[in-house]
2 protein chains.
Amino acid sequence: MSPAQIEREAIRLFSEKTYPLVGMRDISDAVELLPGSLYVHITSKEDLLLKIVERGIGIYLSALTPIVESEKPAQDRIRDVISSYLRLLDANLDITKIAMFQWRYLNGENLASILELRDQIDGLFVRVVTDGIAAGEFNSVRHPHVVAISLVGLLSSTAQWYSVQGALSADDIAEQLSDIVLGGLTG
Amino acid sequence: MSPAQIEREAIRLFSEKTYPLVGMRDISDAVELLPGSLYVHITSKEDLLLKIVERGIGIYLSALTPIVESEKPAQDRIRDVISSYLRLLDANLDITKIAMFQWRYLNGENLASILELRDQIDGLFVRVVTDGIAAGEFNSVRHPHVVAISLVGLLSSTAQWYSVQGALSADDIAEQLSDIVLGGLTG
DNA sequence: CCTACCGATCGGTAGG
DNA sequence: CCTACCGATCGGTAGG
């Protein structure tokens with residue numbers, strides 16, 4: 001048994017039932033250990049969640065940061081961010097649901113450290129939106145921050161209805177959303 | 001003591017800490033009753049959540065349905081739906097957070113009945129989007145359903161960052177979002 | 001609406 | 001990694 005296997009089952013269970021509704025006994029059953037034996041491998045239930053959320057947000061931060069920091073026009077960066085986001089969602093649906101919606105169950109320092117990571121995500125979207133406006137690619141807009149975090153909200157919400165074996169591929173959805181979003185930002 | 005007062009405190013507590021993290025003893029403390037005495041007024045914790053979620057979704061359904069069913073151009077209806085949504089959010093922030101995000105804690109028939117209400121909400125947005133395309137007001141689009149539920153997702157997500165005493169009014173935000181969304185749908 | 005309490009379950013630990 | 005168990009808390013009820 002390894003911490004990674006425990007984390008794997010915890011991701012499955014947290015994404016299915018949400019953190020407070022998953023007992024340590026659910027996790028220990030899934031990895032065929034007795035409840036107390038979990039603590040050989042992990043520190044606490046909350047620490048398990050923390051690591052999952054950190055890794056989940058990290059997946060998005062590490063993929064999207066170089067896209068936003070690239071030299072491309074903002075329009076291309078928006079398109080790349082959206083298609084990258086949807087591909088990551090397809091490949092990481094369970095951990096994404098936890099990272100985007102269940103960080104609220106963290107407390108104290110754990111919560112504070114995750115809020116910083118979330119701010120980094122928001123910052124990426126603010127940056128590409130304001131870059132596009134500054135470059136004259138996007139319409140000037142009264143509240144660029146509202147536009148940016150609404151885009152984050154739109155993309156986050158896809159995790160609630162996206163299905164890996166659904167009729168629409170991640171690329172189909174990304175193309176559809178990019179067209180609409182870029183139409184709204186330009187012209 | 002009335003069921004309405006219990007519901008009022010439950011809304012405050014559920015929106016602040018989420019349903020599973022609120023104990024019946026938290027609620028009974030808030031209304032200055034002993035835990036067991038709550039059950040003179042309510043049936044169960046889950047029934048309390050059910051009624052809150054039903055009422056919360058009902059607020060949006062009853063306001064948005066006549067807007068979507070009006071004879072106005074789809075563009076005007078989109079603008080009206082967005083501004084109405086933000087005004088309702090401002091006036092009902094706590095119950096909105098519960099109605100939009102905490103229905104997941106319902107089970108069985110309770111969950112099923114709420115999923116029907118949620119489908120009605122989605123249906124309103126699908127309708128106004130497809131109407132606008134049919135009328136030639138909006139660009140033809142490969143997946144109108146994706147556009148519609150993404151708009152629902154965007155609006156739902158506002159409950160997670162909107163603050164009643166924030167720098168931006170609900171009307172400011174609605175105007176900003178309408179401009180972007182209509183820009184994306186038209187032209 | 002209170003008194004008094006129920007069985008179940010929770011996250012977690014001591015000691016081996 | 002198991003045995004055995006901890007105190008705390010959970011939603012809810014019987015009887016008055």
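Given the structure is predicted, the values throughout are model-derived calculations rather than measurements. Numbers restart at 1 for each chain; the letters A, B, ... are given by sequence-line order, proteins then strands.
Listed pair B:Tyr39 / D:dG12 meets the phosphate criterion, a side-chain N or O lying under 4.0 Å from OP1 or OP2.
Counting to the nearest Å, the C1' atom of D:dC10 and the CZ atom of A:Arg25 are 13 Å from each other. Across the protein-nucleic acid pair, B:Leu33 atom CG and C:dC2 atom C1' stand 9 Å apart, rounded to whole Å. The CD-C1' distance, from B:Glu46 to D:dC10, rounds to 15 Å in whole Å. Regarding B:Glu32, its CD atom lies at a distance of 14 Å from the C1' atom of C:dC1, rounded to whole Å. Straight-line distance from the CD1 atom of A:Ile27 to the P atom of D:dC1: 16 Å, rounded to whole Å. Spacing between atom CG of B:Leu21 and atom C1' of C:dT9 amounts to 15 Å, rounded to whole angstrom units. Going from atom CG of B:Leu34 over to atom P of D:dG12 covers 17 Å, rounded to whole Å. Rounded to whole Å, the distance from CG on A:Asp47 to C1' on C:dG11 is 14 Å.
Distance from the side chain of B:Met24 is smallest to D:dG11 among D:dG11, C:dG12, C:dC2. Set against D:dC1, D:dG12, C:dG11, the side chain of B:Lys45 has D:dG12 as its closest nucleotide. Of the candidate nucleotides C:dC1, D:dG12, D:dC1, C:dC1 has the atom nearest to the side chain of B:Val40. Comparing C:dG12, D:dC2, D:dT13 against the side chain of A:Ser44 picks out C:dG12 as the nearest.
In DNA chain C, consecutive stretches of 3 or more Watson-Crick or G-U wobble pairs with both distances under 3.5 Å are given as paired ranges: C:1-16 with D:1-16.
Using a cutoff of 4.0 Å between basic side-chain nitrogens and carboxylate oxygens, B:Lys51 and B:Glu54 are not scored as salt-bridged. Of the charged side-chain nitrogens involved, none lies within less than 4.0 Å of a carboxylate oxygen, so that A:Asp29 and A:Arg25 do not count as a salt-bridged pair.
Between the side chain of B:Thr65 and the backbone N or O of B:Ser62, no donor-acceptor pair lies under 3.5 Å.
The residue B:Gly36 sits close to a base: some heavy atom pair falls under 4.0 Å. No contact: A:Val31 has no heavy atom under 4.0 Å from any strand.
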Quiz prompt | Residues B:Asp179, B:Arg79; criterion salt bridge (charged side-chain N to carboxylate O under 4.0 Å, His left out); working and verdict | solution = CA-CA 8 Å; B:Asp179 288 350; B:Arg79 209 173 271 282; 3.2 Å; yes
Exercise. List the steps and the verdict of salt bridge (charged side-chain N to carboxylate O under 4.0 Å, His left out) for B:Glu69 and B:Arg77.
Key: CA-CA 9 Å; B:Glu69 291 181 346; B:Arg77 284 183 277 157; over 6 Å; no
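No side-chain N or O of B:Tyr39 forms a donor-acceptor pair with one of B:Ser44 less than 3.5 Å apart.
A cation-pi contact links B:Lys45 to B:Tyr19, judged by a cut-off of 6.0 Å to the six-membered ring centre and 45° from its axis.
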